[in-house]
Q: 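Below: one structure in structure tokens.
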Protein chains: 2
Amino acid sequence: MTTAPDAHRSAGRPRTAVLSRERILAAAFALADVRGGDFTLAALARSLGVRPSALHHYFAGKDELIAGMRGQLTSRVGDHGFDTLPWHEAIIPWARTYRVTFGAHPGIVAALATLPVADEPESMLDYERIARAMHRDGYPEHRIVPAIVALESFIIGSALDSLTPEDNLRPVSAPDRTPHLTSAEEAARAQLRTHDRSAATETFEFGLAALVAGLRAAGTAATVSGPTESGV
Amino acid sequence: MTTAPDAHRSAGRPRTAVLSRERILAAAFALADVRGGDFTLAALARSLGVRPSALHHYFAGKDELIAGMRGQLTSRVGDHGFDTLPWHEAIIPWARTYRVTFGAHPGIVAALATLPVADEPESMLDYERIARAMHRDGYPEHRIVPAIVALESFIIGSALDSLTPEDNLRPVSAPDRTPHLTSAEEAARAQLRTHDRSAATETFEFGLAALVAGLRAAGTAATVSGPTESGV
DNA sequence: ACCTGAACACCGTTCAAGT
DNA sequence: ACCTGAACACCGTTCAAGT
């Protein structure tokens, strides 16, 4: 929370611009970091010592601001050795970074996940690296995009999961009505103590390894079955 | 959009109650069905021919309303033969239903995914069925909950993905800068024409099969590796 | 008990007015 | 060009007042 450097600034154009896309984005991330804090343009303007209307000079609206944040986050994820490692190895640190990068801003993940990716160059170059590595490693051409999107869905879902209160799935209310779930929960909890990781992170690592292994195997298998759209 | 049966109702208590939790929830789902429509209490009240403040008689606030919707959706998912089929078979139709049930309400998925699951009995009984089946099939006790949560993360992420515009990942802007991604996208698109499914559904089926296969294999493998929390 | 109507403290966005 | 300040059309929530 940056305090206003000059709270009672006079009207009219300042001698030197107090705002910039960079400064606004930085303040926006700082605002999105706080947990329960509602991510509003009013609060953002307040933290910058400025009126809300001033923000519209740099971003057309709230959606464009969030899109800007998303673009900056995507470019932060960066490369993870896709050129030197097999795709199924390089994808692991990439997925980890992706999850913590997006999960680090509780006030905004939902908006980031929901907002249509308006064809960002950053995302495209990110995907291109992965697609190239998978192609090089002989992954079936028509399954490359589905595999990447499936991974992304899991990562986004995991980022959202990491924001829920810790004891989310713990059946406190009626342990006698959910005996198997309760004992499974306890077993998982006991296992957790041997690691330096949260339950959400442990689950993510477990699921990620499983998904990547499954995607790898599917890259060499014959076909995938399932019902038609109209049959659902 | 239900129109008000009596738009200019007089003030004071009506002879017979015009609202109920059931009626409000039904109208809320109808409202959440429309794509771009903002899900507001004002719009909900309007569709019920009632003032916004009247809703607070049945739900403490917007969050409680959404929690009520979530509970109703969860109980709709229901059983899918976990008692008679192996968990890795019964889980497939369960996951499909889960995704379409939550994905059917664009205006609300993000809120559903974000809102902390306040210990709903419906969810707990749902998870109990799965946990019992996995336990019966010899799945390692401490991995049952992580497996379920990983699946749920994938499903939530896929539900969000299914709401984005169709050509989301298609690199329209600079196909020459993303050659591998572009050709992979085209190959996937060609493959898609042979099925009666959307790209999102195809990806979901592919990823689901891979994840379940991976989780199954992890249930018989030795250990899962990964970095510690502090090392991320 | 069940709803209206007014009130409160907010939103995001637009736009004339100042320098 | 860059910001303020007022204005607009909204929000969700509270609460006295009516029947």
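What you are looking at is a predicted structure, and each value in this text was computed from that prediction instead of being measured. A note on names: the letters A, B, ... follow the listed sequences, proteins ahead of strands, and every chain is numbered from 1.
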Q: How does each nucleotide of nucleotides 12-19 of chain C score, in 5' to 3' order, for protein heavy atoms under 4.0 Å: base (B), sugar-phosphate only (S), or none (-)?
A: SBBB--BB

Q: So what does the secondary structure string of DNA chain C come out as, 5' to 3', with Watson-Crick or wobble pairs under 3.5 angstrom, [ ] for crossing and | for pairs with another strand?
A: ||.|||||...|||||.||

Q: Considering heavy-atom distances to DNA chain C, does Asp38(A) or Thr16(B) have its closest nucleotide positioned more toward the 5' end?
A: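 Closer to the 5' end of DNA chain C: Thr16(B).
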
Q: In whole angstrom, give the distance that lies between atom CZ of Arg23(A) and atom C1' of dC3(D).
A: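 Between C1' of dC3(D) and CZ of Arg23(A): 14 Å.
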
Q: For the residue pair Arg99(A) and Phe204(A), would you count it as a cation-pi contact if the rule is NZ or CZ under 6.0 angstrom from the ring centre and within 45 degrees of the ring axis?
A: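 Relative to the ring axis of Phe204(A), which defines the angle, Arg99(A) lies inside both limits.
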
Q: Do the side chains of Met69(A) and Phe39(A) get nearer than 4.5 Å, heavy atoms only?
A: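 They are in contact (side-chain heavy atoms under 4.5 Å apart), so the answer is yes.
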
Q: Return the orientation label for the His105(A) and Phe29(A) ring planes: parallel under 30°, perpendicular over 60°, tilted otherwise.
A: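 Answer is tilted, since the angle falls between 30° and 60°.
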
Q: Quick one: does Leu41(A)'s side chain get under 4.5 Å of His56(A)'s, heavy atoms only?
A: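 The answer is yes; the side chains approach within 4.5 Å.
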
Q: Is there side-chain contact between Leu160(B) and Leu160(A), with heavy atoms separated by less than 4.5 Å?
A: yes

Q: Taking NE2 from His57(A) and P from dA1(D), how many angstroms apart are they, rounded to a whole number?
A: 9 Å

Q: Would you indicate whether the side-chain heavy atoms of Leu44(B) and Leu65(B) approach each other to under 4.5 Å?
A: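 The answer is yes; the side chains approach within 4.5 Å.
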
Q: Could you check how far CG of Leu31(A) sits from P of dC11(C), rounded to whole Å?
A: 11 Å

Q: Quick check against the 3.5 Å criterion: does Arg23(A) have a side-chain atom that pairs as donor or acceptor with the backbone of Val18(A)?
A: yes

Q: Contact class for Tyr58(A) vs. all strands (heavy atom < 4.0 Å): base, sugar-phosphate, or nothing?
A: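 Result for Tyr58(A) = sugar-phosphate.
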
Q: Are side-chain heavy atoms of Leu55(A) and Leu48(A) found at a separation under 4.5 Å?
A: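 Result yes, sub-4.5 Å side-chain heavy-atom pair found.
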
Q: Could you check how far CZ of Arg21(A) sits from P of dC3(D), rounded to whole Å?
A: 14 Å

Q: Over how many whole Å does the gap from Leu48(A) atom CG to dT4(D) atom P extend?
A: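 That distance rounds to 10 Å.
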
Q: Whole Å only: how far is the CZ atom of Phe59(B) from the C1' atom of dC2(C)?
A: 15 Å

Q: Between Tyr127(A) and Glu152(A), do the side chains contain an N or O donor and an N or O acceptor separated by less than 3.5 Å?
A: yes

